[in-house]
Amino acid sequence: MSFLIGYESAKYTFRGVNGADESDEKTVKVKRIPVFVNYKINSNFNVWGEVGFNAGSDHNEEHNKKIDKKADHTVFSVGARYTF
């Protein structure tokens, strides 16, 4: 079994936010804490789960719409792999 935890930080810069003026620039920071757990049941079967918690991201709705997959929200995933 393995367990990982980390810290992610990304900065997105948007230009021309208020119309066509390219000098108008806004920055959004996305901060997350990912937690990953992996369990090897046997030599052929592996399962895992991952969750990413928001860690104080900027929440300006106008600009967050431009960030793919709502990166500042809590997300999770699970998976399994069987090797023949």
Side-chain angles (χ1 to χ4, degrees):
M1 179 174 197
S2 59
F3 178 79
L4 302 164
I5 190 166
Y7 179 78
E8 299 174 357
S9 178
K11 183 169 85 171
Y12 299 89
T13 302
F14 303 102
R15 290 181 179 82
V17 176
N18 295 324
D21 183 8
E22 289 294 318
S23 65
D24 183 26
E25 187 174 281
K26 300 291 181 190
T27 300
V28 176
K29 293 178 188 170
V30 175
K31 302 171 195 167
R32 295 178 60 232
I33 296 175
V35 178
F36 178 78
V37 177
N38 185 57
Y39 183 67
K40 191 171 188 175
I41 295 172
N42 61 38
S43 62
N44 294 357
F45 193 43
N46 188 38
V47 295
W48 65 89
E50 180 178 9
V51 64
F53 298 102
N54 182 354
S57 300
D58 294 340
H59 288 283
N60 185 337
E61 286 297 322
E62 176 185 347
H63 306 307
N64 279 354
K65 290 177 187 173
K66 297 180 181 182
I67 299 174
D68 290 338
K69 297 183 182 178
K70 302 281 186 184
D72 64 333
H73 294 146
T74 299
V75 295
F76 68 93
S77 65
V78 294
R81 177 176 57 216
Y82 185 82
T83 307
F84 295 93

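Nothing here was measured: the structure is a model prediction, and the numbers come from that model.
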*With Phe45, which residues qualify under side chain to side chain contact (heavy atoms under 4.5 Å, CB included), at least two apart?*
Ile41, Asn42, Val47, Ala80, Tyr82
_Could you work out, with side chain to side chain contact (heavy atoms under 4.5 Å, CB included) as the rule, every residue matching Tyr7, not counting sequence neighbours?_
Ser9, Lys31, Ile33, Ala55
*Does Val37 belong to the same Ile/Leu/Val/Met/Phe/Trp/Tyr cluster as Val51, with side-chain heavy atoms less than 4.5 Å apart forming each link?*
yes
_Assigning hydrophobic clusters by single linkage (Ile, Leu, Val, Met, Phe, Trp, Tyr; side-chain heavy-atom cutoff under 4.5 Å), is Phe76 placed with Val35?_
yes
*asked:* Under the rule for ring pair (Phe, Tyr, Trp, His ring centres under 6.0 Å), what residues qualify as partners of Phe3, not counting sequence neighbours?
replied: none
*Taking only residues two or more places apart in sequence or in another chain, which ones pass side chain to side chain contact (heavy atoms under 4.5 Å, CB included) with Ala10?*
Tyr12
_Can you give me the closest heavy-atom contact between Tyr39 and Met1, atom names plus distance?_
CD1-CB, 3.9 Å
*Answer with yes or no whether the hydrophobic clustering places Val78 together with Val75; edges join I, L, V, M, F, W, Y residues whose side-chain heavy atoms lie under 4.5 Å apart.*
no
_Inter-residue atom distance Thr83.OG1 - Asn46.CG, 0.5 Å rounding_ = 8.0 Å
*Nearest 0.5 Å please: distance from the OG atom of Ser2 over to the CZ atom of Phe36.*
6.0 Å
*Apply side-chain hydrogen bond (donor to acceptor under 3.5 Å, both in side chains) to Glu8 and list each qualifying residue two or more places apart in sequence or on a separate chain.*
Arg32
